[in-house]
Amino acid sequence: MVILIVLGLPLFGALLLALFGERRAAAELNVGISLATLVAVSFLVLRVLRHGPLLALHEQFFVDSFNVFLVALTAFVGFTTALFSRPYMRIEEQRGRLNQRRLRLYHSMYQLFMAAMFLALLTNNMGLLWVAMEAATLSTVLLVSLYRTRASLEAAWKYFILCGVGIAQALFGTILLYFAAEQTLGREGMTALLWTHLNAVKGQLEPRVLGLAFVFLLVGYGTKVGLAPLHNWLPDAHAEGPTPVSAVLSGLLLNVALYAVIRCKVLVEGSIGSQLPGRMLMGFGLLSAVLGAFFLWRQKDIKRLFGYSSIEHMGIITFAFGMGGPVANFAALLHMTVHSLTKSSIFFTAGHASQTAGTQRMDGIRGLVSVSPTIGWGLMLGSLAILGMPPFGVFASEFLILTTAMRDHPWTTPLLLIALGVAFAGIFSKVQPMVFGDSDAPPLPHSPALIPVFLHLAIVLALGLYMPLALAEWYRAAARLIGG
Amino acid sequence: MHPSHAIDELLKLLAASLLLISFAMLSRRRTQRLIILFAWQGALLFVSTLLVAYSAGLTELYYSAALTLLLKVIALPWILHRLIHRLGAQWDSEPLVNIPTTMLVGLGLVIFAFGLAQPISRMATTITRNTLGIALAVILLSFLMMITRRKAVTQVIGFLAMENGLFFAATSATYGMPMVIELGIALDLLVGFFILGIFFFQIREQFDSLDLSNMEALKED
């Protein structure tokens, strides 16, 4: 029941905002719906914490400790982004970059996107997972092109075609998976695509078919994770779309896509009984981490810069999941959480920073601290956090990943260290002049909503200093579930 | 001849024609022609789904055949046709460099697809099992078409043709996915198609043409 509410609220909100989105209160309504969703999700979380995994509605929906933490994260960041977007979009409207009709589209699609992500996370059906992932792409395509400039149209087209082709590969993979499952589970009862059933019989699934299916699924969903060399859409979509969209793309969609990959990995590894899927994840992850870090250097646009940083971090997380085992999985889940919180808060400040300066080009943004100390320090602290400075939580997860890599796969350690070092130098050298120095830019017309920024950073800091026992237990349960 | 054997042969013929149309699409220049080819591809898909449904006695597949007829033979080609009329692009043609090379690459892809699908086809129990390789080949050829073309409309037709290949793979390997999933996929396809339609107008407004080679602002620098 509570699952239906979690799915229904954003869906209902999308409809409501599509009908009444031209009223002035649309932004507040958006915040309200996101808050209601967050409350519903907390009930779901409490239930799972108390009574363990949950199957509902003819087993079509499934909540275990792995996806429930992502659902909670999604609802939380969805809510804070809605808070941030209220003043941000109002300033954009005042500056004439958007009008009421486009704002209606924006708010409605925002809720639809949230609904699609919840569906992808909660469903037990691998086919429905695909449908939801595609729906998440479709609902964000028009958001990327919201400004209707040449560059944003180009970015949206690239996003649509690349992710469309990618996700078509994932559909082929799903078909192959169904083909293998049907021979074991049969067509009757429609259980052949349910993850829980597949997981129970994964040892009997035909390994050759599943191996091939995994290649297609990895390439398909991996495109959406932004794994190199399939990452081309990501920096463009992040730079050209409105900032709240960049924040939810980086903070949430990439996680959801990676979640799909990991669910598939669990099945395939159980079927073929070798480490091959993990090795493939490690390869893709390492390549993305290194490539992302080096491309950081060449960026001139602030949102592109952090788009590449997302590629780097998703690479690190994918690599950690590829190594498998309790410690690496634990670290990967933690890194997913802290990256998502930190990166969205960085995009919040980067958005306001470019509004203050009137440009997204980094050489035009100067002396943020003197114009608005909160924006300046928010960006600085966020950057330090994402670069893995102690005592932030990113340091803890990266440290765990590095030590595990040193123990199990020593040859990868230098590559990881290079990626982290290059990213550190690249981001720090670019952020420092933006934050400090003098500026004559006028302050923003609406006071920016920076509570989300500091809230996110505070959580990241707290996770780095002290991990609550309940949360650690939760991560451990999820890590066991993924195995490997 | 046994009736099921005849159906089997007919299905192979349909599959081969599907592949042939994919090659024809690679070499066609005019957008209008491509739409007609796409409609033909949908029609072949409809007939083959109908045949599988009949021989396997699955009611579910009749529904998905009907869905194919409605969506891929009637609705999408018709909307595409109207769309390019409104955009004034019906006689657009694009210069195709290197048709022979494209064809050769296409041939290579077909061989690759058959090699990949062979071990799986052997395990299939469905009557259409030999056609999985063809389905994969159609997917890869549509992919090739999307890479080689520079016009927005043609890329979209390539995208839709790829979806046809996927649908064919689903029927040929597994007698189709569960109905809920098929409906979801069809809905996604339709919505995606409408979004692309909106895009055509926005792109033309901004770039004064549907030629994607104008799009080169976002290069890595």
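Within every chain, numbering begins at 1; the chains are lettered A, B, ... in the order of the sequence lines, protein sequences first and strands thereafter.
Shortest non-hydrogen contact noted between B:Met146 and A:Ile161 is CE-CG2, 3.6 Å. Considering every non-hydrogen atom in both A:Leu142 and B:Ile198, the closest pair reads CD1-CD1, 4.5 Å.
The part of A:Arg208 that comes within reach of chain B is its side chain, from C-beta onward, which places non-hydrogen atoms under 4.5 angstrom from that chain. Heavy-atom distances place no part of B:Ala135 under 4.5 Å from chain A, backbone and side chain included. Only the side chain of A:Asn125 comes within contact range of chain B, judged by heavy atoms closer than 4.5 Å. Only the side chain of B:Ile139 comes within contact range of chain A, with at least one heavy atom under 4.5 Å from a heavy atom of that chain. For B:Met162, the part lying under 4.5 angstrom from a heavy atom of chain A is the side chain only. Interface residue A:Phe172: backbone and side-chain heavy atoms are both found under 4.5 Å from chain B. The part of A:Leu212 that comes within reach of chain B is its side chain, from C-beta onward, which places non-hydrogen atoms under 4.5 angstrom from that chain. Heavy atoms of B:Phe200 lying under 4.5 Å from chain A belong exclusively to its side chain. Contacts of A:Ala239 with chain B are absent, with no heavy-atom separation under 4.5 Å from either backbone or side chain.
When each of B:Val191, B:Val156, B:Leu187, B:Leu116 is scored by its heavy-atom pairs under 4.5 Å with chain A, the top score falls to B:Leu116.
A:Leu153 CG to B:Ile203 CD1: the interatomic distance, rounded to the nearest 0.5 Å, is 6.0 Å. The structure places CD1 of B:Ile195 at 4.5 Å from CG of A:Leu138, a figure rounded to the nearest 0.5 Å. Distance CG/B:Leu132 to CG/A:Leu176: 6.5 Å, rounded to 0.5 Å. How far CD of B:Gln206 is from CZ of A:Arg148: 9.5 Å, rounded to the nearest 0.5 Å.
Residues B:Ile185 and A:Trp130 meet the side-chain proximity criterion, which asks for heavy atoms closer than 4.5 Å. Looking at A:Glu134 and B:Leu189, their side chains never come closer than 4.5 Å, going by heavy atoms from C-beta outward.
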Stepwise, does the side chain to side chain contact (heavy atoms under 4.5 Å, CB included) test hold for B:Met177 with A:Leu193? CA-CA 9 Å; B:Met177 307 272 270; A:Leu193 271 173; 4.2 Å; yes
Determine, stepwise, if the pair A:Val141 / B:Phe199 fulfils side chain to side chain contact (heavy atoms under 4.5 Å, CB included). CA-CA 10 Å; A:Val141 162; B:Phe199 260 154; 3.3 Å; yes
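Partners of B:Phe38 by ring-ring contact (aromatic ring centres under 6.0 Å, His included), not counting sequence neighbours: none found. Residues satisfying the side-chain contact (heavy atoms from CB on, under 4.5 Å) criterion with B:Tyr63, sequence neighbours excluded, are B:Met179.
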